[in-house]
Amino acid sequence: MPKLFPYRLYLVTDEAACLGRDFFWVVEEAIKGGVDIVQLREKHLDNDAFFEKAMKLKRICRQYSIPLIINDNIDVAVAVDADGVHVGQSDLSISAVINRVGVQMPIGLSLERFEDLKAEGAEDAWYYGVSPIFSTPTKVDTVSEWGLEGLSSLRKLTDKKLVAIGNIKIENAAQIISSGADCLAVVSGICSATDPASAAAAFKSEIAKGLKNLI
Ligand code: TZP
Ligand code: MG
């Protein structure tokens, strides 16, 4: 994964959001539609099942040369030789992750508030997840929303790539990009779409519009 983080559309997976359809089919369709990077986020699997799922997903991602990031679980990330790991504020600290995997493993860090920029090791993250931009039924344990104003203020405080997440839909995608996000992370907007490939393509075209309108 290049340190430049050139990605624009980030699929964060959620089996429940796939609405009973085959998980791997949904992800592959999303990749065909234009997703640039995939994160496997699993909150209910034991390590063995998480590993199996990650291995299968890695095969699909490799086929399309798409990086695979593992949420939270360093053991699984190392075991499947993932392209990176993503941690939140209540997970392992960045320094602890680096102690485990070294500096060569890309790490993404979720920021929930401005103070998180000063958290130990935050400057070693490869990108920041801006979480959540808007509150969302997909993740209900969030503290507050960044909103578009919070996002543009954060944009002025860091040069790191900002990955916005939380209730991002095709309708608000361009505006979030023009408010300073480099990349959009989407769960339900793609996983629950009738046609995940067209949804991903629509997000990509809104992102292109947003980039033309940077404020
Ligand atoms: N972190 C902050 S919000 C969120 C995560 C994993 C869920 C985003 O889901 P959706 O369906 O794209 O709103
Ligand atoms: Mg987490």
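Whatever order the structure lists ligands and atoms in, that order sets their numbers, starting from 1. As the structure is a computational prediction, the values presented were derived from the model and not from experiment.
A salt bridge does not link Lys118 to Glu115: none of the charged nitrogens lies less than 4.0 Å from a carboxylate oxygen. With salt bridges taken as basic N to acidic carboxylate O contacts below 4.0 Å, one links Asp36 and Lys204.
The hydrophobic side chain of Leu4 is isolated, with no ILVMFWY side chain under 4.5 Å apart from it.
At a heavy-atom distance under 4.0 Å, only side-chain atoms of Thr138, from C-beta outward, approach ligand 1.
In terms of protein heavy-atom proximity, atom 1 (N) of ligand 1 is nearest to Lys139 CD, 3.2 Å. In terms of protein heavy atoms, atom 2 (C) of ligand 1 is closest to Ser131 OG, 3.2 Å. Here the heavy atom of the protein found nearest to atom 12 (O) of ligand 1 is Val187 N, 2.9 Å.
Close approach of ligand 1 to Ser188 is summarised as follows: ligand atoms under 4.0 Å from at least one heavy atom of the residue are 10 (P), 11 (O), 12 (O). Of all atoms in ligand 1, listed by their number and element, those nearer than 4.0 Å to a heavy atom of Arg41 are 6 (C).
Considering backbone and side-chain atoms together, Thr142 places no N or O closer than 3.5 Å to any N or O of ligand 1. Considering backbone and side-chain atoms alike, Asn167 places an N or O below 3.5 Å from some N or O of ligand 1.
In this structure, NZ in Lys56 is found 12.5 Å from CG in Leu40, a value given to the nearest 0.5 Å.
When the shell of 6.0 Å around CD of Glu120 is examined, it contains 12 or fewer heavy atoms from other residues, nucleotides or ligands. The local environment of CG in Asp159 is sparse, with at most 12 non-hydrogen atoms from other residues, nucleotides or ligands closer than 6.0 Å.
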